[in-house]
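I have placed the structure first, in the form of structure tokens, so that the comments after it can refer back to it.
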Amino acid sequence: MGGQALAWSHVLLTDSGFFDPFDLSRPLRPIVERFQQMAAKPFSQARVLFIPAAACDDESKALADILYTELLQLGFLPENITTYWLEAPLDERRALSYDVMFFTGGWCEHLLTRVKAAGFEKTIQKFVYANKIYVGVSAGSVLATPNIMGAFTEKPSPETSGLGFLRAYLDCHCDMQPGLTAKNLSLPHIMLHFHQALAVSSAGYELLEDPAARHSIDGAAPPVMGVDVFRKLPAQE
């Protein structure tokens, strides 16, 4: 696309969203602050296209609900958030009227299939090249790489080709695998942890992290989702 040559700088790929998943009342400040800089307006004035299409099981749907609540905690207004499941094509002009596209976590293969079935790839690209904000969480972040299977195989297929905003391969939730090390791949292999995110632009990428939210994980007794990690706040229960 011709617009690809333009400078863009508003892709934010998070591991787990904007709050410490061990304490959902605690914002990951460096990541939130970069989000605020990208928005360049109060969150209460920004319109969000919230896309939880990767959430295709009960656990990932519960996490999508938590991420929606995180947006409210940050100051986004519910009347300015539109949920889109990629169930059908969305008019490009309407999509480009939003300030933020927010892709939740879940199953990346399912998300990619839904994006392609809805013919949404070019719309996402135009959105990013217009310097609007793409936010990914987990699967939503991996979607932005050249290939969603890039960290697992050096023989990616066209069916697994991602959006290519990040020129690297990405693993998320690497806290859960304490012995994991970076692989020697054709592109950099980035291993994100719960307290980290990547700010991505046409010029490259920058690691953002909140060291105070770094957690040491016992691989022999890993935390349980919904109990130790991503436990709902009292207001959500």
Side-chain angles (χ1 to χ4, degrees), residues 9-24 26-35 37-38 51-52 54-55 59-60 63-64 66-67 70 74 100-112 128 133-153 156 160 162-201 203-219 222-223 225 228-230:
S9 59
H10 288 5
V11 172
L12 188 57
L13 307 181
T14 78
D15 180 272
S16 303
F18 294 98
F19 289 76
D20 181 349
F22 285 84
D23 179 1
L24 290 172
R26 185 189 181 285
L28 300 171
R29 297 202 178 279
I31 302 173
V32 173
E33 288 169 3
R34 182 60 63 89
F35 192 18
Q37 291 170 9
M38 290 179 175
I51 305 176
E59 181 178 286
S60 54
L63 293 179
I66 288 172
L67 293 171
E70 287 192 2
L74 290 174
V100 180
M101 271 189 195
F102 191 111
F103 289 84
T104 75
W107 295 89
C108 198
E109 297 92 335
H110 181 75
L111 174 59
L112 182 61
V128 168
I133 306 170
Y134 176 111
V135 173
V137 180
S138 189
S141 293
V142 175
L143 179 68
T145 69
N147 200 288
I148 65 169
M149 296 302 293
F152 304 101
T153 176
T160 58
L163 300 171
F165 300 132
L166 174 67
R167 297 302 300 167
Y169 296 133
L170 193 62
D171 264 332
C172 293
H173 316 317
C174 292
D175 310 71
M176 303 295 281
Q177 303 176 67
L180 193 65
T181 57
K183 298 177 182 178
N184 184 19
L185 302 173
S186 57
L187 292 173
H189 178 204
I190 300 172
M191 300 186 299
L192 280 188
H193 295 74
F194 287 140
H195 65 293
Q196 295 177 327
L198 294 174
V200 184
S201 71
Y205 56 87
E206 174 188 356
L207 179 67
L208 307 174
E209 58 184 341
D210 187 341
R214 190 193 310 269
H215 297 279
S216 179
I217 303 295
D218 181 358
M225 292 289 185
D228 307 304
V229 188
F230 291 110

message = For a side-chain contact (heavy atoms from CB on, under 4.5 Å) check, start with the C-alpha distance between Leu74 and Phe35, then their side-chain angles and the critical distance, and finish with the verdict.
response = CA-CA 10 Å; Leu74 290 174; Phe35 192 18; 4.2 Å; yes

ask   = Taking Asp15 as the fixed residue, which of His193, Gln196, His173 is the one that meets the side-chain hydrogen bond (donor to acceptor under 3.5 Å, both in side chains) rule?
value =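 Answer to the side-chain hydrogen bond (donor to acceptor under 3.5 Å, both in side chains) test with Asp15 among His193, Gln196, His173: His173.
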
With a 4.5 Å heavy-atom cut-off, do [X] and [Y] have their side chains touching?
{"X": "Val229", "Y": "Phe22", "value": "yes"}
{"X": "Gln177", "Y": "Pro222", "value": "no"}
{"X": "Phe165", "Y": "Thr145", "value": "no"}
{"X": "Leu208", "Y": "Thr14", "value": "no"}
{"X": "Pro146", "Y": "Arg167", "value": "yes"}
{"X": "Tyr205", "Y": "Leu13", "value": "no"}
{"X": "Phe194", "Y": "Cys174", "value": "no"}

So, for [X] and [Y], which heavy atoms are closest and what is the spacing to 0.1 Å?
{"X": "Leu67", "Y": "Gly105", "result": "CD1-N, 4.3 Å"}
{"X": "Ala213", "Y": "His195", "result": "O-CB, 3.8 Å"}
{"X": "Pro223", "Y": "Ile217", "result": "CD-CG2, 3.7 Å"}
{"X": "Ser201", "Y": "Ser9", "result": "CB-CA, 3.5 Å"}
{"X": "Ala55", "Y": "Ala64", "result": "CB-CB, 4.3 Å"}
{"X": "Gly106", "Y": "Ser60", "result": "CA-CB, 3.7 Å"}

key: Counterpart residues, salt bridge (charged side-chain N to carboxylate O under 4.0 Å, His left out), relative to Glu206 (two or more places apart)   =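 Once residues adjacent in sequence are excluded, the partners of Glu206 under the salt bridge (charged side-chain N to carboxylate O under 4.0 Å, His left out) criterion are Arg34.
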
key: salt bridge (charged side-chain N to carboxylate O under 4.0 Å, His left out) against Arg26, all qualifying residues, sequence neighbours excluded   =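 Salt bridge (charged side-chain N to carboxylate O under 4.0 Å, His left out) check on Arg26 returns Asp210.
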
ask   = Do Phe103 and Tyr134 have ring centroids that are under 6.0 Å from one another?
value =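 Yes, the ring centres sit under 6.0 Å apart.
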
Out of curiosity, [X] [atom1] to [Y] [atom2], how far, rounded to the nearest 0.5 Å?
{"X": "His189", "Y": "Lys183", "atom1": "NE2", "atom2": "NZ", "value": "6.0 Å"}
{"X": "Phe19", "Y": "Ile31", "atom1": "CZ", "atom2": "CD1", "value": "11.0 Å"}
{"X": "Asp20", "Y": "Phe230", "atom1": "CG", "atom2": "CZ", "value": "9.0 Å"}
{"X": "Leu143", "Y": "Leu170", "atom1": "CG", "atom2": "CG", "value": "11.0 Å"}
{"X": "Leu111", "Y": "Ile148", "atom1": "CG", "atom2": "CD1", "value": "8.0 Å"}
{"X": "Glu209", "Y": "Leu28", "atom1": "CD", "atom2": "CG", "value": "11.0 Å"}

Derivation and outcome, side-chain contact (heavy atoms from CB on, under 4.5 Å), residues Val128 and His10 = CA-CA 7 Å; Val128 168; His10 288 5; over 6 Å; no

inquiry  = Less than 3.5 Å apart, any donor N or O on the side chain of His215 or Asp175 sitting next to an acceptor on the other?
reply    =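 Looking only at side-chain atoms, Asp175 and His215 do not form any donor-acceptor pair under 3.5 Å.
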
task = On the 0 to 90° scale, with breaks at 30° and 60°, tag the Phe18-Phe102 ring pair as parallel, tilted or perpendicular.
result =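 Rings of Phe18 and Phe102: tilted, as their planes differ by 30° to 60°.
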
message = I'd like to know whether Leu12 forms a side-chain contact (heavy atoms from CB on, under 4.5 Å) with Met38, so could you lay out the CA-CA distance, the side-chain angles of the two residues, the decisive distance to 0.1 Å, and finally the verdict.
response = CA-CA 9 Å; Leu12 188 57; Met38 290 179 175; 4.1 Å; yes

request  = With sequence neighbours left out, write down each residue that passes side chain to side chain donor-acceptor pair (under 3.5 Å) with Thr104, or none if nothing qualifies.
outcome  =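 Testing Thr104 for side chain to side chain donor-acceptor pair (under 3.5 Å), a comparison that skips the adjacent residues, returns none.
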
Asp171 vs Ile190, side-chain contact (heavy atoms from CB on, under 4.5 Å): CA-CA, chis, key distance, verdict = CA-CA 6 Å; Asp171 264 332; Ile190 300 172; over 6 Å; no

